[in-house]
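Working notes, structure below.
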Amino acid sequence: AFGSPYNIVTPFLQENTVGSGFLMYDLHSDPVRSIAIDHMIDCVLASIESSSEQEEQDFPLGYSCSVMTDLTFLHYAAARGPGTMILQPICPADDPHILTGFVANQFILDELLENLFADKVSGIHCVIKGNGQAYSYNVTDGMATFSGEGDFHQEDYNSLERCVVLTDNERYYVESPRYTFCMYPTDIFFESYQTNNPRVFAIGTICTIVLTSLLFLMYEFFVRRDAMKKEELLQAKRRFMRFVSHEVRTPLSAVCMGLDVLQNEISTSFGFQTTDELECWIQGHKAKAETIAEEEAETETTNELKALDAEETETVSTKTETKEPETILMSNKEALEWYEIAKDIQSNTQTSVNVLNDFLNYDKIESDTLELELTVVPIWSIIEEIFKEFKLNAEKKNIYLDLIFATVSKHKGQISVEGPFTRHTALSKEVREHKLVGDSVRISQVLRNLISNAIEFTPIHGCVSLHAKWIPQLTAEDEITDDF
């Protein structure tokens with residue numbers, strides 16, 4: 001039949017499905033199945049011919065004569081698509097070269113695709129190819145449905161082709177067809193995996209960047225505005241301090257000038273050319289009085305003072321016409337007291353002027369442009385003068401002010417302390433000539449702040465003591481004991 005070289009009948013003798021109607025059906029009468037049966041007979045005959053030793057290697061042990069038919073529509077399941085039939089020969093155990101029958105297994109292609117894909121997979125085009133045949137299937141929601149004979153996949157996705165071989169020569173006779181299973185994506189497949197998430201993410205990222213930039217701009221705006229307000233406030237404060245300093249310093253300077261004129265007039269009335277001459281005489285007189293008070297007892301001092309008063313009275317009576325400065329001073333104690341008061345007022349007024357000058361230097365301090373004016377500073381006299389400025393303030397709080405001068409000296413390895421003295425003029429000439437190099441205004445300001453704070457935080461009837469020493473360069477082994 002159909003050009004077969006074998007005139008045989010192959011009735012279907014047994015089937016595992018009851019009532020199928022295929023019993024005694026001649027499979028060799030079907031063109032597709034007859035070709036597969038002929039290939040199986042050829043394989044068995046070839047194995048008989050190769051049983052000789054010369055051709056033993058052409059059919060090695062384990063060679064299979066199972067065959068597979070071409071794809072065709074099986075009449076009992078034509079609606080499900082094409083299928084194939086696998087034929088396995090049956091030979092007697094004592095003579096494997098005699099073909100007595102075969103076992104036929106029918107296989108439908110949709111069984112291969114069943115449960116192959118997940119339930120949510122769609123848009124896959126499957127093609128089964130072999131022996132010049134091709135059948136296509138479409139996968140929707142995990143189910144493969146037959147779409148027709150031929151290859152209908154979209155050629156745009158050839159680069160994404162994935163194939164696997166279903167049959168090989170090791171399991172079937174060489175003349176059996178070889179089938180390949182290939183898969184291709186479709187537009188539906190990509191649409192199912194398309195999402196707006198990247199676009200939403202990009203838009204969200206851009207919005208976040210824009211919002212962050214706006215926040216930074218707003219922050220910079222408010223910070224800049226706050227800085228401008230602070231700068232305006234600082235400028236206003238500077239203008240106010242300049243104005244106040246100028247307006248207050250002008251009358252204070254006038255007061256200082258008036259007090260200076262008053263002191264000059266008092267000095268002239270006493271017979272001195274300048275206030276410095278009068279000041280030198282007063283300092284010498286006070287030092288003389290202090291020396292006398294220390295050397296003599298109280299009784300002797302009293303007698304001596306009486307004698308001095310008598311001499312001074314006598315001198316005034318004998319030298320009234322000459323009007324020497326000392327005679328005039330002793331007869332005008334009240335004027336001398338006014339001179340001292342004017343001097344103290346001038347000193348405090350000058351201190352106020354210096355404070356106002358410090359306010360004017362406030363801008364320089366903030367801009368780090370303040371420079372120290374280094375000069376030779378008479379430190380002993382500055383300490384004493386500044387100390388006197390606070391006598392009135394201390395007397396108001398009943399605080400005792402104590403100023404002590406001393407000198408530390410080292411001679412032949414022996415350390416000694418000279419003093420204490422209440423005036424710097426009592427120090428040795430060598431020590432009095434020692435000077436400092438610095439800014440006299442800043443040094444005076446530091447001393448004023450120290451004494452002012454000491455008076456402010458000292459209780460009533462307390463004592464504020466200021467010690468000024470000259471300490472030469474000593475070694476680490478030298479020890480100084482402050483016993484005063």
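Throughout, residue positions are numbered sequentially from 1 according to the sequence presented. Since the model is a prediction, treat every value here as computed from it, not as a measurement.
A pairwise comparison of heavy atoms in Ser176 and Ser66 identifies OG-O, 3.9 Å as the closest pair. Of all non-hydrogen atoms in Asp187 and Gln154, the two that sit nearest each other are OD1-OE1, 3.4 Å.
Between the side chain of Ser147 and the backbone N or O of Ser136, at least one donor-acceptor pair lies under 3.5 Å. In this structure, Lys391 contributes its side chain and Leu401 its backbone to no donor-acceptor pair below 3.5 Å. With Asn449 contributing its side chain and Gln445 its backbone, the two residues share a donor-acceptor pair below 3.5 Å.
Distance CD/Gln133 to CG/Asp70: 5.0 Å, rounded to 0.5 Å. From Met143, atom CE reaches atom CG of Asn115 across 8.0 Å, with rounding to the nearest 0.5 Å. Residue Ser440 holds its OG atom at 9.5 Å from CD1 of Ile379, rounded to the nearest 0.5 Å. Note that OH of Tyr135 and CD1 of Ile128 are 10.5 Å apart. Values are rounded to the nearest 0.5 Å. Distance CZ/Phe390 to CD1/Ile455: 6.0 Å, rounded to 0.5 Å. Between atom CE of residue Met68 and atom CZ of residue Phe107 there is a gap of 8.0 Å, rounded to the nearest 0.5 Å.
Counted within 6.0 Å of CD1 on Ile188, heavy atoms from surrounding residues, nucleotides or ligands total 12 or fewer; the atom is thus considered open. By the neighbour-count criterion of 12 heavy atoms within 6.0 Å, atom CG of Leu214 is densely surrounded, having more than that number from other residues, nucleotides or ligands.
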- Audit row: Leu447, Ile382, side-chain contact (heavy atoms from CB on, under 4.5 Å) steps and yes/no: CA-CA 9 Å; Leu447 292 173; Ile382 287 180; 4.2 Å; yes

- Item | Steps toward side-chain contact (heavy atoms from CB on, under 4.5 Å) verdict (Ile383, Leu466) | CA-CA 9 Å; Ile383 293 175; Leu466 177 62; 3.9 Å; yes

- side-chain contact (heavy atoms from CB on, under 4.5 Å) between Phe216 and Met218: does it pass, once the steps are laid out? CA-CA 5 Å; Phe216 274 109; Met218 292 178 62; over 6 Å; no

- Task: List the steps, then state whether side-chain contact (heavy atoms from CB on, under 4.5 Å) holds for Tyr179 with Leu71.
- Result: CA-CA 9 Å; Tyr179 295 109; Leu71 293 176; 3.5 Å; yes

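Ring orientation note: the planes of Tyr157 and Phe190 are close to parallel, at an angle under 30° on the 30°/60° scale.
Within the 4.5 Å cutoff, no side-chain heavy atoms of Thr180 are placed close to those of Val164. You'll find the side chain of Ile124 reaches within 4.5 Å of the side chain of Phe117, heavy atoms only. Using a 4.5 Å heavy-atom threshold, the side chains of Phe201 and Ile206 count as separate. The side-chain heavy atoms of Ser122 and Phe189, taken from C-beta on, include no pair separated by under 4.5 Å. Within the 4.5 Å cutoff, no side-chain heavy atoms of Asp110 are placed close to those of Phe146. A heavy-atom distance below 4.5 Å is not found between the side chains of Thr375 and Asp439. With contacts defined as side-chain heavy-atom distances shorter than 4.5 Å, the pair Thr167/Pro177 does not qualify. The shortest distance between side-chain heavy atoms of Leu113 and Tyr137 falls below 4.5 Å.
Not counting sequence neighbours, the partners of Glu456 by the side chain to side chain contact (heavy atoms under 4.5 Å, CB included) test are Asn453. With sequence neighbours left out, Cys463 forms a disulfide bond (SG atoms under 2.5 Å apart) with no residue at all.
For the cysteine pair Cys182 and Cys163, the distance separating the two SG atoms is below 2.5 Å.
Within the structure, salt bridge (charged side-chain N to carboxylate O under 4.0 Å, His left out) pairs that include any residue of residues 135-158 comprise Lys129-Asp151 (at least two apart or interchain).
Side-chain contact, His153 with Asn158: a donor N or O sits under 3.5 Å from an acceptor N or O.
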